[in-house]
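First comes the structure, then the notes that go with it.
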Amino acid sequence: MKIETIAIHAGNKIDGNTGAAIQPITLSSTFERGEDGGYPGGFIYSRADNPNRKSLENVVAKLEGAKDAAAFSSGNAAGAAIFQALGPNSHVIAPDDMYHGLRNQLIQVFEGIIEVSFIDLSNINAIKNAIKPNTRLIWVETPSNPLLKISDLKAITKLAKANKIMVACDNTFSSPIFQRPLDLGCDLVMHSSTKYFGGHSDVIGGVLASKKIDDFWKKVRNVQVLSGAVPSPFDCYLTVRGIKTLPYRMRGHAYNAGLVAEFLESHKEVEKVFYPGLKNHPGHEIAKSQMSAFGGMLSFLVKGGAIEARKVANSVKVFTQATSLGGVESLIEHRASIEGPETKTPQNLIRISVGLENYEDLIQDLNQALG
Ligand SMILES: Cc1ncc(COP(=O)(O)O)c(C=O)c1O
């Protein structure tokens with residue numbers, strides 16, 4: 001089946017009792033046991049599994065070409081499950097431009113438990129040099145947040161395999177519609193389903209997908225069920241509902257973002273645009289080889305510093321000034337101020353999540369905000 005068909009059907013189960021064409025939300029926390037002690041419905045207790053979560057996990061596994069998927073209550077909880085499953089004294093190679101929430105998790109929550117090296121993952125030699133005897137995982141984020149750096153997934157997974165290291169890819173920015181990391185050699189994929197999967201900025205969630213059902217994946221499942229950072233049935237329902245339109249929304253996001261990137265590149269108040277679809281982006285050729293389109297996220301440097309950049313974010317009328325991404329509405333933010341005082345993100349950087357409004361309105365809005 002093709003991806004649009006999977007997105008619509010793989011997360012739905014027609015209700016056997018009522019014939020409801022759309023799977024109902026099963027709110028029950030517990031499920032009736034049979035006289036023989038078994039569970040005739042296949043479910044025991046909702047932390048362990050739930051019909052709506054099962055449907056969400058099924059559709060994500062199919063979209064990513066995975067053997068299995070596990071849903072969590074946030075993207076950060078999904079990331080944490082991998083780091084917890086690694087066990088103490090593991091070394092992780094992570095991107096120097098990593099989503100700051102997960103970077104802070106590794107530094108603060110896993111302090112003294114996991115050793116981390118933050119490396120420029122667009123430089124394969126730098127990765128090679130960072131490998132240690134206890135390196136268990138390379139965590140890739142491509143395109144990265146917020147600099148839209150591109151990492152070569154085939155080259156990284158080849159190096160990792162030769163050194164018996166797992167590779168996990170945060171695929172939030174691309175979604176499986178534009179990039180399928182497992183096909184390129186990765187072992188695990190992670191999503192903040194808060195973003196494009198949900199698609200409407202009204203649900204927080206995360207999902208992991210795995211190429212194999214091996215001992216490591218069983219540990220991840222154990223963390224999911226026993227630590228219990230699971231999404232509610234309603235959150236699963238909303239995410240499955242969002243995924244049905246994911247392929248079409250992604251095309252709209254990428255189309256609009258390409259036009260906005262070209263506009264920004266030609267604007268006299270813009271110093272630089274970071275969008276992998278632009279020919280002058282250093283990762284453009286690699287992005288072209290591993291992505292089918294370049295996504296809806298971009299960032300740019302405003303001429304000047306933090307004051308000039310904040311002025312742009314404060315002056316928009318169609319964009320909403322807010323963090324997050326992947327919703328139908330366009331968002332804009334001065335990234336350094338959300339990342340906090342430790343940030344390495346340039347002070348004049350603006351990140352935008354290009355939504356599905358008409359691109360002419362978005363360009364006009366940015367044009368008036370840039371002055
Ligand atoms: C690339 C990326 N990964 C992970 C996350 C974390 O996801 P969540 O906010 O759902 O915990 C985010 C959130 O912004 C993100 O942008």
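Keep in mind that this is a model prediction, so the values were computed, not measured. Whatever order the structure lists them in is the order used to number ligands and atoms, beginning at 1. Just so you know, residue 1 is the first one in the sequence shown, and it goes up from there.
A salt bridge does not link R103 with E342: none of the charged nitrogens is closer than 4.0 Å to a carboxylate oxygen.
The single protein non-hydrogen atom nearest to atom 16 (O) of ligand 1 is N145 ND2, 3.1 Å, given as residue, atom name and distance. Looking from atom 11 (O) of ligand 1 to the surrounding protein, the closest heavy atom is N76 N, 2.8 Å. Distance from atom 10 (O) of ligand 1 to its nearest protein heavy atom, with residue and atom name: T194 OG1, 2.6 Å.
Checked by distance only, ligand 1 and S192 come closer than 3.5 Å through their nitrogen or oxygen atoms. An N or O contact shorter than 3.5 Å links G75 to ligand 1 by distance. Here's the thing with K195: one of its N/O atoms is less than 3.5 angstrom from an N/O atom of ligand 1.
With ring centers used as reference points, H281 lies 6.0 Å or more from Y275.
For ligand 1, the atoms sitting less than 4.0 Å from at least one non-hydrogen atom of M190 are 4 (C), numbered in the order shown with element in parentheses. If you number the atoms of ligand 1 from 1 as listed, the ones under 4.0 Å from a heavy atom of D170 come out as 1 (C), 2 (C), 3 (N), 4 (C). Each of the atoms 16 (O) of ligand 1 lies under 4.0 Å from some heavy atom of L325.
Taking a 4.0 Å cut-off on heavy atoms, G205 registers as neighbouring ligand 1. Residue contact annotation: H191 has no non-hydrogen atom under 4.0 Å from ligand 1.
Ring planes of F83 and W139: tilted class, angle from 30 to 60°. Ring-plane geometry between Y237 and F234 is classed as parallel, the angle between the planes falling under 30 degrees on a 0 to 90 degree scale with a further cut at 60. Ring geometry for F43 against F31 counts as tilted: the plane angle lies between 30° and 60°, on a 0 to 90° scale.
At least one cation-pi condition fails for R249 and Y196: the charged atom is not both under 6.0 angstrom from the six-membered ring centre and inside a 45 degree cone around its axis.
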**OP:** Report the C-alpha separation of L153 and C169 in whole Å, then their side-chain angles, then the decisive distance to 0.1 Å, and conclude whether the side-chain contact (heavy atoms from CB on, under 4.5 Å) test is met.
**Re:** CA-CA 9 Å; L153 288 173; C169 179; 4.2 Å; yes
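The main-chain N or O of A287 is never found under 3.5 Å from a side-chain atom of Q290 such that the two would form a donor-acceptor pair.
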